[in-house]
Amino acid sequence: MEIIINAPLDMHLHLRDEAMLSTVGPLSSQSFAGAIIMPNLVPPVSTKEELVAYKNRIQEVCKDDTFTPYMTLFFKPSYTKEFLESIKDELTAIKLYPAGITTNSEGGVAGFDVDELRPTLNAMAELNIPLCVHGETNGFVMDREAEFISIYEMLATNFPKLTIIMEHITTKESVEALNKFDNLYATITLHHLLITLDDVAGGMLQPHLFCKPIAKRPEDREALRKVALEGHPKVMFGSDSAPHPQHAKEACGCAAGVFTAPIALQVLTELFVTHSNIQNLQKFISDNAQNIYKNLNVAQKTVTLEEKPFVVPQKYNEVVPMYAGETLRYSIIQIEG
Ligand SMILES: [Zn+2]
């Protein structure tokens, strides 16, 4: 049986820069029609010049494919409405990181003072610029996301016209919050639909499954699977595919991030087929995102998969993908567009 996906979108992607961008960019642009590109470079993308230059570098390495990089800025409470108006046509969203919580987020938001955030967030709401949030506190690692729910509630109630996207949710508490506020949405990664903390650290430590937010408990994974598999209109696929060179993962002081871009469509297809929900994959992988973001201008692209073994490469240059060396059940057999 062939599975056809129209215009797959990755609504949370790290493409990095320079040599790493050259390695991983084409691995996403080949099979995806577009992706929300995270801005946590060093220094983070926070000016129009940096954003346009980064977009050009991405388009250069992805030029053989039909692929739209949807650009984001690194949130700063100093962004004025005039500045946002001047850059509006170049960007799709703004990403907020709490200070120091993940890779290259040192310049993020330290306190969540609603009055300090108000001018920028009101301007974003008026200009229809969504706010993407890495929702973790500095608390105990398993509780960081649940502790952040109160900040999501503060944002959702104070800025009811702002589209707020809870990025890479990993807990049942976040799934519950989705249904409490009209303006809260979420992305879910591939790996958080598949693994729990047991897979990361229950036996021998698996550095290639170590990520932030850390994978949680089986009941959290169940809650995520439920909304993804039912094609819940407020959730979208965002891989959070986050490459690091092998030496930075297999190290004392392992970098956080799972590299899933080249296997995402194959594994999602298997997951949705296995759970008899393949009819909902299109919603999760593209349609919901187009409804939530409204003006994505998605390119025509069709990806066809078939039940046929795909052996995952051990490495893509210096990057080890999830399931390296293992055999997946589905393969991409055709890409049109
Ligand atoms: Zn991320």
Side-chain angles (χ1 to χ4, degrees), residues 9-17 20-21 23-25 27-28 32 34-46 51 54 58 69-75 91-109 130-138 141 144-145 148 151-152 164-171 174 185-195 200 207-216 224 228 235-245 248-249 254-264 268 285 289 292-293 319-322:
L9 298 173
D10 184 345
M11 301 308 285
H12 184 129
L13 179 64
H14 296 272
L15 287 183
R16 313 299 192 205
D17 215 343
M20 185 61 93
L21 170 60
T23 295
V24 302
L27 296 172
S28 284
F32 286 88
I36 293 274
I37 310 299
M38 290 296 139
N40 55 334
L41 305 180
V42 186
V45 180
S46 58
L51 183 136
Y54 187 33
I58 293 168
Y70 299 109
M71 303 306 292
T72 63
L73 274 184
F74 189 96
F75 180 87
L91 68 75
T92 302
I94 295 181
K95 175 76 185 285
L96 187 154
Y97 293 90
I101 203 72
T102 189
T103 309
N104 304 334
S105 66
E106 290 74 17
V109 172
L131 178 74
C132 302
V133 183
H134 182 120
E136 288 193 289
T137 66
N138 288 317
V141 69
R144 288 175 187 177
E145 186 175 300
F148 199 88
I151 298 175
Y152 279 129
I164 301 166
I165 296 152
M166 304 190 285
E167 293 296 331
H168 45 55
I169 59 170
T170 64
T171 62
S174 294
Y185 303 87
T187 57
I188 300 178
T189 73
L190 174 68
H191 49 284
H192 291 115
L193 291 172
L194 300 170
I195 64 170
V200 184
H208 298 290
L209 299 180
F210 172 66
C211 62
K212 296 287 177 63
I214 194 102
K216 303 292 189 310
L224 300 175
V235 304
M236 347 169 224
F237 175 63
S239 69
D240 199 12
S241 183
H244 292 281
K249 293 292 288 176
C254 166
V258 183
F259 183 59
T260 55
I263 63 159
L268 281 173
I285 200 80
I292 294 164
Y293 274 79
V319 186
V320 178
M322 188 178 185

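Keep in mind that what you see is a predicted model, and the values were worked out from it rather than measured. Just so you know, these numbers use all the heavy atoms, side chains as well, and skip hydrogens, waters and symmetry mates. Whatever order the structure lists ligands and atoms in, that order sets their numbers, starting from 1.
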Next on the checklist: Is it true that Lys216 and Thr171 share a donor-acceptor pair across their side chains at a distance under 3.5 Å?
Outcome noted: no

Checklist entry - Strictly under 2.8 Å, is any N, O or S atom of His14 next to the Zn ion (ligand 1)? => result yes

Next on the checklist: What's the separation between atom CZ in Arg16 and atom NE2 in His244, rounded to the nearest 0.5 Å?
Outcome noted: 4.5 Å

Checklist entry - Taking 2.8 Å as the cut-off, does an N/O/S atom of Glu167 lie below it from the Zn ion (ligand 1)? => result no

Checklist entry - Any N/O/S atom of His12 sitting less than 2.8 Å from the Zn ion (ligand 1), backbone or side chain? => result yes

Checklist entry - Does Lys249 use its side chain to pair, donor to acceptor, with the backbone of Pro243 at less than 3.5 Å? => result no

Next on the checklist: For the Zn ion (ligand 1), give me the closest N/O/S atom belonging to Asp240, just the atom name.
Outcome noted: OD1

Item to check | Test item: Ile36 and Tyr293 side chains (from C-beta on) under 4.5 Å apart, heavy atoms | outcome: yes

